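Since the structure comes first, as structure tokens, the remarks are kept for the end.
Just so it is clear, the structure is predicted and the values come from calculations on it, not from any experiment. Worth knowing before you read on, the calculation uses all heavy atoms, side chains too, and leaves out hydrogens, waters and symmetry mates.
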Amino acid sequence: MAAQGGTVKADAPAIAIAGLEKHFGTLKVLADLDLVVADKELVCILGPSGSGKSTLLNIIAGLETADAGNVTLGGKRVGYLFQEPRLLPWLTAERNVDFALQGCAVPAARWGELKDHYFALAGLSEFRNYYPHQLSGGMRQRVALVRSLCVEPGILLMDEPFGGLDELTARRLRVDLLRIWRESRKTIVFVTHNAYEACYLADRVVVMAHGRIRDEIAVNIPRPRDYDDPAVFDVNRDVVRRFLAAAELQPEHASALPPVPNPVSHSPGGLP
Amino acid sequence: MGLRLASIAGAIMLWWLLSLAMPANLLPGPVVATVTLYKDLAQGDVLPHLAITLLRVTGGLALAMLIGVPIGILMGINQRAEKVLDIWVMVGLTVPSLCYAIICFMLIGLNEAATVVAIGLTAAPSIAINLWEGVKTIDFKLVQMAHIFEVGRARILLRVLLPQVMPYVMASLRMGLGIVWKIAVLIELIGRPNGVGFKLFYWYQLADMAQVLAWTLLFTIVMLVIELGILSQIEKRLFAWRPRVGL
């Protein structure tokens, strides 16, 4: 579990989380959670349902507040791709993107260029004037991705964005996501319960269970990656084994685990 | 559209057949009713009464929306408001329109203000209930999405929440119109010296069934024109984005 030191680059991390805690009533959702994400790193957080993954993302995004701890962001806009596309159904794909561009106060002079670029990158140039209900589930999620990218976030949070899609569509979108990521190079925190998806996408897989980070696995497969690369299967086998071990640990036994080393000093800055 | 026309033609046929089976003064046929209506129209007696009824309907509906929409929205978004208000909405719904009319006439006087208030009060609870249910279906995940894209409160209200509520506002407007029409004629019958309700009552007292049917026919046609010609057209424009479900 010393992998973390290797991934933190010389420049400031994109996300530094220290001692994060969150309760819902008496339920402890996040317990003393530390996580550092390097600039331009693609981290997958792997965890079973109810492990606190989404809550973690919501806190990073500022949608929820933590009960204790710090989240320090590298001064960049945070984008969020939800599990559902969350498009406004009464606006066309393009108008949905405009809605975000206007909200984020992107200068109007740049809209055309940004939209052309990202719609093309997502293979949606022909569908800009379609309403969400006229598009398939996969295409809607692509529009949501375009919308997230157009506002040029430094950090992109993704909460099981392909979880609601059929496997074939999801697979295509994973491949596309890596291609787009290679071209736009954002910091991505990708939450999933699909181990293979995590291994295929990530620089580093972080295993979460019962509100804690239990394990980390660096994925040292060179990019561009082939979806069916045997190396991904190998890492997947290892990750699943460690994922199961972590998930089976009961919360009360959590203290028996050695704490994950935290290389970042607790910065005094709160949410930006 | 073809089916609709066929259905209307069928109903007129049925009316005609029934009129053949009954004495002419008890149930005049569609032709007699139409001719009577045409004669009334030619005499110039119809339009002033129709106009004053339409005015009362419009005023009453506006008042009902002004009361019902805010109450419905408040009940939909605030649980405390829901607990305080739901019993009163139920009570409001239970009280017969005749009671509102009589109370308003006694309190405010036999005038137009009382008429409009009575109409508004009767229809408001139904409108409130419609919106209450509608607001509950608002997708607050879209609000979260808007927060992510740094959209301000005013724009969230205008561009995320309002479009979700609008279909329910339109639906209550149409439903409200249906209710308000019926109350308006009833109230005219008991307390106004003019209007469609007054004329209906007048012909009832003279036991002139052809006239009663003529006025009912007029009323129905005007109502359909407003409903299909105006309201459903507005709705079509407003909600063009919605997936088309066969009508």
- Query: Checking A:R185 against A:W181: charged group under 6.0 Å from the ring centre and within 45 degrees of the axis?
  - Reply: yes
- Result of checking A:V206, A:L46, A:L57 against A:V191 for side chain to side chain contact (heavy atoms under 4.5 Å, CB included): A:L57
- Message: Walk me through whether B:E112 and B:R192 qualify under salt bridge (Lys or Arg N to Asp or Glu O under 4.0 Å).
- Response: CA-CA 8 Å; B:E112 292 309 318; B:R192 302 311 301 143; 3.0 Å; yes
Sidechain-backbone polar pair: [X] side chain, [Y] backbone, donor-acceptor under 3.5 Å:
{"X": "B:S7", "Y": "B:L3", "answer": "no"}
{"X": "A:Q141", "Y": "A:F82", "answer": "yes"}
{"X": "A:K53", "Y": "A:G47", "answer": "yes"}
{"X": "B:Q164", "Y": "B:I138", "answer": "no"}

- Expected contact set for residues 86-101 of chain A against chain B at heavy-atom separation under 4.5 Å reads A:R86, A:L87, A:L88, A:P89, A:W90, A:L91, A:F99, A:A100
- Note on the structure: Among residues 144-170 of chain A, residues within the sub-4.5 Å heavy-atom range of chain B, in order of number, are A:R147, A:S148, A:V151
- Message: As a quick check of understanding, evaluate salt bridge (Lys or Arg N to Asp or Glu O under 4.0 Å) for A:R128 and A:D116, giving each step before the final call.
- Response: CA-CA 10 Å; A:R128 289 163 69 146; A:D116 288 347; 2.7 Å; yes
- Task: Find the distance between CE (B:M166) and CG (B:L238) and round it off to the nearest 0.5 Å.
- Result: 5.0 Å
- Interchain contact, A:Y80 with chain B, by part (heavy-atom threshold 4.5 Å): both
- Where on A:E84 is there a heavy atom nearer than 4.5 Å to chain B: the side chain, the backbone, both, or neither? side chain
- Stepwise side-chain contact (heavy atoms from CB on, under 4.5 Å) test for B:L173 and B:L177: CA-CA 6 Å; B:L173 192 65; B:L177 182 66; over 6 Å; no
